[in-house]
Number of protein chains: 2
Amino acid sequence: MTDRGLLIVLSGPSGVGKGTVRKAVFDDPTTSFEYSISMTTRQAREGEVDGVDYYFRTKEQFEQAIADGKMLEYAQYVGNYYGTPLDYVEEILIAGKDVFLEIEVQGALQVRKAMPEGIFIFLTPPDLSELKNRIIGRGTESMDVVEERMSEARREIEMMNAYDYAVVNDIVDNAVQKIKGIVQTEHLKTERVIHKYEKMLEELE
Amino acid sequence: MTDRGLLIVLSGPSGVGKGTVRKAVFDDPTTSFEYSISMTTRQAREGEVDGVDYYFRTKEQFEQAIADGKMLEYAQYVGNYYGTPLDYVEEILIAGKDVFLEIEVQGALQVRKAMPEGIFIFLTPPDLSELKNRIIGRGTESMDVVEERMSEARREIEMMNAYDYAVVNDIVDNAVQKIKGIVQTEHLKTERVIHKYEKMLEELE
């Protein structure tokens, strides 16, 4: 029996550097995550290959997939759909491999509903003083701007509640090392390994 | 405000190598755990210092500590008491430092009751085939011996259920690296960091 793989979801506020961290995680020679290929309705750009870079689909096909419950998450940007097909992720997990998704916060909340057993990692800005700087700026911002940034930060922290882990993106290598630690540790959870021992005993009996 | 430290409890069946792994964890230059000094009623051996190697106490003092609820866990071996004083552990945790305890399984279960928020790590024998070998031996064991070992293994696996993580002690360095990963990851749990962000926002408001 192969153990089911883990679904790792990396998300966080826009501009925090999710894409850079995801790339560094995949480039790390000690990781072997499966990459989930997204589906989109946008036109393929030169050199992009269907089924490699994206699954390129028509708007009708994409909406049919949504209607059929075949999208793990999806969103619209500038008139196009982008999303993660459920079947492909499910296949990889059943094969015992870990899937790594890097997605926007709204998508991550959809995945949380569909696969609550996933491991949800929230990437946060460098540190708390950085957050303060982001909000207050150089002290020359109008009250409106500061108030707007406060609301933004409040929303982000609110979002964090839906995640299992918060990883600070101070230095990319540090963030990658922490993410690798999270995945390794999740695989060590007793609930994930005890059945192997139980099965072995059964076989001996 | 200082965050409360984590209580890390390493345990496992006798003979699995808990002491060796604990020593390697403390010798690792990247760890900085506080060591909990045990209390005992046995005589100090030459060179042993009270309050450094152990807290050496009389039987009456130890039993008074138990009666006063001042022992996090304790057990008796060959006529002497051994245990972990609660106050000292609590002090370190409040100071924001992580405490690392390496104790027998019965003690670990007592700690689980007193401090359920602790991180409980079960050290397991090298691997499943090893378990099989340990049970069946070289095929020349009597049914009684095999049956006794099966019961033993069953009890161990039963125990594992009370722990958060299972770490295989194949190579000591691997086990140490996994334990370090567990501690790092536990510190990244959203529930442990979100209040810092919330507090910061409150201060800005």
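In what follows, every chain begins at residue 1, and chains take the letters A, B, ... in the order their sequences are listed.
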Chemist: Is it true that atom NZ of A/K97 has more than 12 heavy atoms of other residues, nucleotides or ligands lying nearer than 6.0 Å?
Modeler: no

Chemist: Could you tell me which of B/V167, B/N161, B/V193 has the largest number of non-hydrogen atom pairs under 4.5 Å with chain A?
Modeler: B/N161

Chemist: Using heavy atoms and a sub-4.5 Å threshold, report which of residues 176-187 of chain A line up against chain B, by residue number.
Modeler: A/Q177, A/K178, A/G181, A/I182, A/Q184, A/T185

Chemist: May I ask you to check whether over 12 heavy atoms, not counting those of B/Y88, lie within 6.0 Å of atom OH?
Modeler: yes

Chemist: Counting neighbours of CD on B/E198 that are heavy atoms of other residues, nucleotides or ligands and sit closer than 6.0 Å, is the number greater than 12?
Modeler: yes

Chemist: Please classify the contact between B/R154 and chain A as side chain, backbone, both or neither, with a heavy-atom cut-off of under 4.5 Å.
Modeler: both

Chemist: Quick check for you: to the nearest 0.5 Å, what is the distance between A/T190 atom OG1 and B/I157 atom CD1?
Modeler: 12.0 Å

Chemist: Should the heavy atoms of other residues, nucleotides or ligands under 6.0 Å from NZ of A/K70 be counted, would the total exceed 12?
Modeler: no

Chemist: Should we say atom CD of B/Q76 is surrounded by more than 12 heavy atoms from elsewhere, each under 6.0 Å from it?
Modeler: yes

Chemist: Kindly compute the distance separating OH (A/Y165) from CZ (B/R192), expressed to the nearest 0.5 Å.
Modeler: 9.5 Å

